[in-house]
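The sequence lines fix the lettering, A, B, ..., with proteins before strands; numbering per chain opens at 1.
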2 protein chains.
Amino acid sequence: MRHLTHLRYIDVVAREKSIRKASEKLNITSTALNRRILALEEEVGTPLFERLPSGVRLNTAGELFIQHIRSQMTDLSRVLSQISDLSGVRRGHVIVGGGPEILSSFLPGQIAKYRQDFQAVQFDVLRQTPEQSLTALMNFETDMSFIFDSVLPSDLDIVASVSQPLFALVHKDHPLAEYKILKLQDCLAWPIISPLSEGGLKTMLEVGRLRTAANLQTVIKTDEPNFISDYIRNENAIGFAIPLSFEENTQIVKGLKSIAIDEGDVPPGIVHLVQRKGRVLSVAAAKFIDQIVQALNKRFPEATR
Amino acid sequence: MRHLTHLRYIDVVAREKSIRKASEKLNITSTALNRRILALEEEVGTPLFERLPSGVRLNTAGELFIQHIRSQMTDLSRVLSQISDLSGVRRGHVIVGGGPEILSSFLPGQIAKYRQDFQAVQFDVLRQTPEQSLTALMNFETDMSFIFDSVLPSDLDIVASVSQPLFALVHKDHPLAEYKILKLQDCLAWPIISPLSEGGLKTMLEVGRLRTAANLQTVIKTDEPNFISDYIRNENAIGFAIPLSFEENTQIVKGLKSIAIDEGDVPPGIVHLVQRKGRVLSVAAAKFIDQIVQALNKRFPEATR
DNA sequence: AGAGGATGGTGCAAAAAATGCATCACGATG
DNA sequence: CATCGTGATGCATTTTTTGCACCATCCTCT
């Protein structure tokens, strides 16, 4: 869209905090970009950027304005999506954010399933910290986000929530493999692969550690599910994950087994699917959310609300 | 605003249902306008207008699109209003619609009062039928509307409601002038000035006429409060009005008197102040609504909710 | 049936706007 | 104090937009 371009210019300048940097990104001269900004400020009647020696920064008026044009841009793409939906083909662009836990198994599966029906829909999947998730949602950079065990501000809508108990991941020949439920104390004798980044899984495990005074022997810290499963095949170590991260019936890959941790030791965490409050999503994104919610309800009937 | 102009072009074409007519209104050639529309349709990827021998008409995609750009335009003006509010001066543009009843006394007074404080705010006051009020609100043509005794669709927000009993207007020397409360039967002996257009006052009076079987002698039909008051000074006729239409303590002009009609004869009508649901108004409009609501509460303490 | 008057669409030249280059002025940084 | 990066500006060039004249089509009225 032509006039979308104009808006995008301002948006990029605000993000890059520099006219010259933004101009490179946009493949135009800094002159042209600079003039557009001056012209815009002329029209609005007020400067929107502060000029600093190191670049530019939005002032209060600019913050107001940028918020408006971001919402305009996403609104427009929503409308275009609705329009193309009229002609039968579902086009669209869905942008999903979330922590590392949700990036394996469940989400890839759901996206693949959705794309079986609607091949013209494109997905962006971003790995984000909870803080990044929140600001991205507010800045219209993502359509929805999975947020694991975090306090949610009131300007978000919670679309769905699932309770996620902690599971241990072990090799199928591991001595613990036949247990139905594992106490945290049972894990003390083996090397532990624990989560690296703050929040989510790490917090859950930390709570369990404090509750049971279990002094787990962490030998590796990582967030990568693939690394965990591969490592477990080589050493009799124990990894941790939530059900969303591994397959429902089969294990992540053959040769692994998941065993529930006693919920008395580690209380379940809650994963929320959230979107910006009041935002109307594109047809594609809305349908995808519908599918996700249905899938969550089906797989975790008692844990969803 | 430059890029607002682009949007306005489409908007006017949609309203005029003709490219040539719209081009006159916009002071450009039909060629230029036609090309813009073709270019826009190119960008969207779908025709937005149907071409008829008599002009153009929005198709479904166009309806979707026009709704979007109208909301964009009003959103933009709201943001600009917020921005100019940052610098202390309150600029803005408030557009109010309503039936003939609310155009005298109360509303002019409130606008004058508001403009004492904020001289840079401009007002448009439109006289509308209830149906026009509704469509204008939905099309973002008005910020708010007073609607008298009408069923309201659910996509409107009712900001305030006041109960308005019917009053008779007579000359101060009229034989009935000293009555405190008038039965409709008391009016039979005099010529009646009754409302012309459907809805509001006319409906109230009609209900009273049916209830009491009073066969009023209508000699003049008009909606103009000024005409009624002027006429009453010349012949001993009786006009009708609701409190919002005349001054609180003094009468409309000297020489007139207002007398309540027995509410058993004519039940009070309700005037709603409404806005489009979910719409965020400009600073100027929002403050004006605040003032109106306060004024209504003060003047009709028991009749407001 | 035919004339007249609407409508939107198109080729081409003129006008207007956006762009790019070279350069300036300013402040931070080493 | 020289250097580097920043945004702003004058001028020539390129791109886009606009206006004029004209076409094809359809409706209406004679």
Worksheet item: Roughly, in whole Å, what's the span from CD in A/Glu50 to P in C/dG27?
Response: 15 Å
Fill in: Residue-phosphate contact under 4.0 Å: A/Arg36 side-chain N/O, C/dT19 OP1/OP2
yes
Worksheet item: B/Ile10 has an atom CD1; how far is it from atom P of C/dG8, in whole Å?
Response: 13 Å
Worksheet item: Can you tell me how far P of D/dT17 sits from OH of B/Tyr9, to the nearest Å?
Response: 12 Å
Worksheet item: Going by distance alone, is a donor N or O of one side chain under 3.5 Å from an acceptor N or O of the other, for B/Ser145 and B/Ser133?
Response: yes
Item to complete: Would you mind listing every salt bridge (charged side-chain N to carboxylate O under 4.0 Å, His left out) that reaches into residues 273-282 of chain B, with sequence neighbours excluded?
Response: B/Asp143-B/Arg279
Residues 76-84 of chain B, side-chain donor-acceptor partners within the protein, below 3.5 Å, at least two apart:
| residue | atom | partner | partner atom | Å |
| --- | --- | --- | --- | --- |
| B/Ser77 | OG | B/Thr74 | O | 2.9 |
| B/Ser81 | OG | B/Val283 | N | 3.1 |
| B/Ser84 | OG | B/Ser81 | O | 3.2 |

Item to complete: Measure from CD on B/Glu42 to C1' on D/dT16 and round the result to the nearest Å.
Response: 16 Å
Worksheet item: Which pairs with one or both residues in residues 62-74 of chain B pass salt bridge (charged side-chain N to carboxylate O under 4.0 Å, His left out), sequence neighbours excluded?
Response: B/Asp11-B/Arg70
Response to the item:
Between CD of B/Glu16 and P of C/dT7 the distance, given in whole Å, is 11 Å
Discussion item. According to side chain to side chain contact (heavy atoms under 4.5 Å, CB included), who are the partners of A/Val125, at least two apart in sequence or on a separate chain?
Written reply: A/Leu103, A/Leu107, A/Ile111
Check: protein-nucleotides 6-9 of chain D nitrogen or oxygen pairs below 3.5 Å:
| residue | atom | partner | partner atom | Å |
| --- | --- | --- | --- | --- |
| D/dT6 | O4' | A/Pro53 | O | 3.4 |
| D/dG7 | OP1 | A/Ile19 | N | 2.5 |
| D/dG7 | OP2 | A/Arg20 | N | 3.2 |
| D/dG7 | N7 | A/Arg20 | NH1 | 2.2 |
| D/dA8 | OP1 | A/Arg51 | NE | 2.7 |
| D/dA8 | OP1 | A/Arg51 | NH2 | 3.2 |
| D/dA8 | OP2 | A/Asn34 | OD1 | 2.2 |
| D/dA8 | OP2 | A/Asn34 | ND2 | 3.4 |

Practice prompt. With sequence neighbours left out, write down each residue that passes salt bridge (charged side-chain N to carboxylate O under 4.0 Å, His left out) with A/Glu131, or none if nothing qualifies.
Written response: none
